[in-house]
Amino acid sequence: MSSAYTPIQPVKLTHPEWSKDAVIYQINTRQFTQEGTFKAAENHLPRLKEMGVDILWLMPIHEIGEKNRKGTLGSPYAVKDYYSVNHEFGTMEDLKHFVKTAHEMGMYVILDWVPNHTAWDSVLVSEHPDWYTRSWKGDFHPTPWWDWTDIIDLDYSKVEVREYMAEALKFWVREANVDGFRCDVAGFVPIDFWNVVRKELDAIKPVFMLAEWEARDLHAEAFDMTYSWSWYDTLKVIAKGEGDVSLLYVYYSWNEKAFPFDIMRMLFVTNHDKNAWDGTMNETFGDALEAVIALSVTSEGMPLLYNGQEAGEEKRLAFFEKDPIVWKEHPIGALYKKLFALKKKNTALWNAKWGARMIHVPSTAEGKVFSFVRQNEKDKVFAVFNFSAEPQVVRFHEHLFHGKYTDYMSGIQVDLADATEMELKAWDYRIFERQ
């Protein structure tokens with residue numbers, strides 16, 4: 001018998017099958033190579049494939065506005081023409097070739113999309129000045145309260161703006177065969193727009209949509225994945241010694257109870273914003289860095305690798321100038337590669353409905369040590385993190401963690417039981433995979 005209280009499935013969209021064990025890599029085309037072009041970036045694709053990367057997120061590829069531009073080259077997020085390709089990066093054919101090559105390697109490409117605002121000298125300003133919001137003085141204006149002086153806001157109360165933006169999005173899927181979009185400040189654009197456009201994009205081909213926002217409702221009909229700023233902020237506080245593991249309990253409680261299970265949240269150690277304005281991954285996380293990286297891959301969510309991290313990322317990349325990454329072999333790159341391999345082979349670590357829920361394993365060092373199991377009928381992982389600046393000797397309660405494992409990082413086989421006593425150095429971690 002039906003009831004008004006019959007539960008409704010909260011996630012109505014279908015994630016593309018290829019996203020089930022995917023990891024994502026962000027390319028800042030301007031800084032990615034000395035040339036700063038799609039052609040030059042294409043040369044890195046074999047290396048990224050070998051690392052285990054699946055989704056390539058290209059920062060905005062469009063022409064950049066000149067009026068009120070910041071710096072010499074301007075922000076890629078000040079878009080002049082949604083149908084254009086920035087000549088600094090190459091041509092439309094270069095982009096298509098990049099996408100085609102990525103596809104041939106089994107990778108997917110999403111474009112960074114900036115729907116909330118345009119450059120002051122966008123082609124839309126002269127063609128459709130009525131498509132923009134106005135200040136109390138009647139002038140074009142940037143997004144209120146922010147220092148985004150190089151952009152002006154579009155008005156989504158107008159049907160024509162929505163239709164134009166939807167057609168532009170569909171254009172890139174049809175013409176360049178891209179696989180979806182990362183949508184800038186997605187929460188500043190009405191959710192009903194996203195819900196409609198997702199269906200229209202999926203009608204062309206199954207797409208993957210990432211929202212630069214942190215909100216449950218965006219997952220229902222529009223976005224496969226949202227940002228997890230709160231995860232980053234929590235780990236930053238812990239790494240600086242300003243909070244303990246209890247803050248992670250708060251985050252993961254919200255993650256489990258306030259968000260649907262069949263969704264993805266992007267876990268990042270850095271990205272273009274954090275690197276440019278807050279500091280490098282080393283500045284932010286210091287000695288805790290490797291443990292934070294390992295948690296980003298083993299906990300619920302999809303890990304992001306921002307270009308340059310794998311080379312040790314020793315500088316904040318300039319945002320409005322040319323400032324190419326200095327490429328070199330680095331242990332962080334090897335760490336990501338090893339962790340990505342574990343995520344792909346161990347189904348408990350897969351994304352959304354394909355993966356397993358995290359279950360807390362209590363210990364004798366609750367404020368210092370974060371420990372959990374993820375398991376399904378096929379696979380099991382027991383992960384332990386000392387998120388403190390002091391060594392810990394810890395024992396674990398209950399029996400969920402019991403079993404025969406391989407210490408994934410060392411390859412040593414272990415048998416874990418009630419009597420197990422684990423010694424952890426400061427900021428140390430262990431990842432055990434069931435044999």
Side-chain angles (χ1 to χ4, degrees), residues 228 230-231 234-239 241-257 261 265 267 269 285 287-301 303 335 338-339 341-343 345-350 355-435:
S228 193
S230 53
W231 184 90
T234 298
L235 270 301
K236 182 178 179 180
V237 169
I238 293 172
E242 298 168 356
D244 65 14
V245 161
S246 64
L247 297 177
L248 277 176
Y249 299 151
V250 173
Y251 169 80
Y252 284 105
S253 176
W254 278 79
N255 182 65
E256 180 167 336
K257 296 295 291 183
F261 177 57
R265 304 188 70 187
L267 306 182
V269 172
F285 294 108
D287 293 338
L289 176 61
E290 291 191 18
V292 175
I293 289 172
L295 184 63
S296 77
V297 181
T298 55
S299 73
E300 290 178 37
L335 174 62
K338 188 173 181 66
L339 290 169
L342 174 64
K343 181 176 177 70
K345 76 169 183 172
N346 194 298
T347 59
L349 301 185
W350 285 7
R357 193 102 256 181
M358 294 166 65
I359 305 173
H360 175 221
V361 174
S363 78
T364 55
E366 284 291 272
K368 306 295 183 182
V369 173
F370 184 68
S371 46
F372 62 88
V373 160
R374 296 182 73 184
Q375 66 176 349
N376 56 28
E377 293 181 359
K378 182 175 184 292
D379 293 308
K380 181 178 182 178
V381 166
F382 174 40
V384 182
F385 296 84
N386 177 16
F387 280 122
S388 75
E390 301 84 29
Q392 302 292 331
V393 178
V394 63
R395 294 180 67 171
F396 303 95
H397 304 310
E398 303 175 358
H399 63 272
L400 180 64
F401 71 97
H402 289 189
K404 297 182 183 297
Y405 297 87
T406 299
D407 184 325
Y408 182 70
M409 302 310 289
S410 69
I412 297 173
Q413 295 185 351
V414 295
D415 192 349
L416 303 182
D418 283 339
T420 297
E421 192 172 77
M422 196 175 298
E423 295 185 14
L424 299 164
K425 298 176 183 177
W427 308 113
D428 198 4
Y429 66 95
R430 300 278 193 280
I431 302 170
F432 300 99
E433 187 178 25
R434 183 171 61 192
Q435 293 178 13

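The side-chain heavy atoms of K378 and N376, taken from C-beta on, include a pair separated by under 4.5 Å. By the 4.5 Å heavy-atom criterion applied to side chains, I431 and V297 are not counted as neighbours. Between F285 and I293 the shortest side-chain heavy-atom distance does not fall below 4.5 Å. A heavy-atom distance below 4.5 Å is not found between the side chains of F385 and V292. Considering only heavy atoms from C-beta on, T420 stays 4.5 Å or farther from V414 through its side chain.
More than 12 non-hydrogen atoms from other residues, nucleotides or ligands lie less than 6.0 angstrom from NE2 of H402. By the 6.0 Å contact criterion, CD on E377 is open, its count of non-hydrogen atoms from other residues, nucleotides or ligands being 12 or less.
Take K425 and apply the side chain to side chain contact (heavy atoms under 4.5 Å, CB included) test, not counting sequence neighbours, and it matches D428. Every residue two or more places apart in sequence or in another chain that forms a ring-ring contact (aromatic ring centres under 6.0 Å, His included) with F372 is listed here: F370. With sequence neighbours excluded, no residue forms a salt bridge (Lys or Arg N to Asp or Glu O under 4.0 Å) with D244. Shown here are the side-chain hydrogen bond (donor to acceptor under 3.5 Å, both in side chains) partners of K368, two or more places apart in sequence or in another chain: there are none. Shown here are the side chain to side chain contact (heavy atoms under 4.5 Å, CB included) partners of D287, two or more places apart in sequence or in another chain: W427. The side-chain hydrogen bond (donor to acceptor under 3.5 Å, both in side chains) search around E433 returns K345, N346, not counting sequence neighbours. For F432, the ring-ring contact (aromatic ring centres under 6.0 Å, His included) criterion is met by F382, not counting sequence neighbours. In this structure R357 satisfies the side-chain hydrogen bond (donor to acceptor under 3.5 Å, both in side chains) test together with E300, sequence neighbours excluded. Residues passing the side-chain hydrogen bond (donor to acceptor under 3.5 Å, both in side chains) test with S230, sequence neighbours excluded: E214.
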* Audit row: L248, L235, side chain to side chain contact (heavy atoms under 4.5 Å, CB included) steps and yes/no -> CA-CA 8 Å; L248 277 176; L235 270 301; 3.4 Å; yes

* Asked: side chain to side chain contact (heavy atoms under 4.5 Å, CB included) between V245 and V369: does it pass, once the steps are laid out?
  -> CA-CA 7 Å; V245 161; V369 173; 6.0 Å; no

* **Criterion side chain to side chain contact (heavy atoms under 4.5 Å, CB included) on E398 and V361, from CA distance to verdict** => CA-CA 8 Å; E398 303 175 358; V361 174; over 6 Å; no

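If you check the side chains of T298 and Y429, you find no donor sitting under 3.5 Å from an acceptor.
Closest of all the heavy-atom pairs between V394 and F396 is CG1-CZ, 3.8 Å. The two residues H397 and T364 make their nearest non-hydrogen contact at CE1-CG2, 3.7 Å. Across all their heavy atoms, K338 and Y408 have their closest contact at O-OH, 2.7 Å. The two residues L342 and L349 have their closest heavy-atom pair at CG-CD1, 3.8 Å. Here the shortest heavy-atom pairing between Q375 and A356 reads O-CB, 3.2 Å. Looking at every heavy atom in both residues, S299 comes nearest to M358 through CB-SD, 3.6 Å.
Note that the CG atom of L400 and the NZ atom of K380 stand 5.0 Å from one another [nearest 0.5 Å]. With rounding to the nearest 0.5 Å, the separation of CD in E256 from NE2 in H360 is 12.0 Å. To the nearest 0.5 angstrom, Q392 atom CD is 12.5 Å from M422 atom CE. Separating the CZ atom in F261 from the CG atom in N255 is a distance of 10.0 Å, to the nearest 0.5 Å. Note that the CH2 atom of W231 and the OG1 atom of T234 stand 9.5 Å from one another [nearest 0.5 Å].
Counting only distance, with no hydrogens or angles, the side chain of Q413 and the backbone of T406 share no donor-acceptor pair below 3.5 Å. In this structure, R265 contributes its side chain and G301 its backbone to no donor-acceptor pair below 3.5 Å. Listed for the E366 side chain is a donor-acceptor partner under 3.5 Å among the backbone atoms of S363. Put simply, the side chain of S296 never gets that close to the backbone of L267: no donor and acceptor are under 3.5 Å apart.
Annotation: salt bridge (charged side-chain N to carboxylate O under 4.0 Å, His left out) contacts involving residues 408-423, sequence neighbours excluded, comprise K404-D415.
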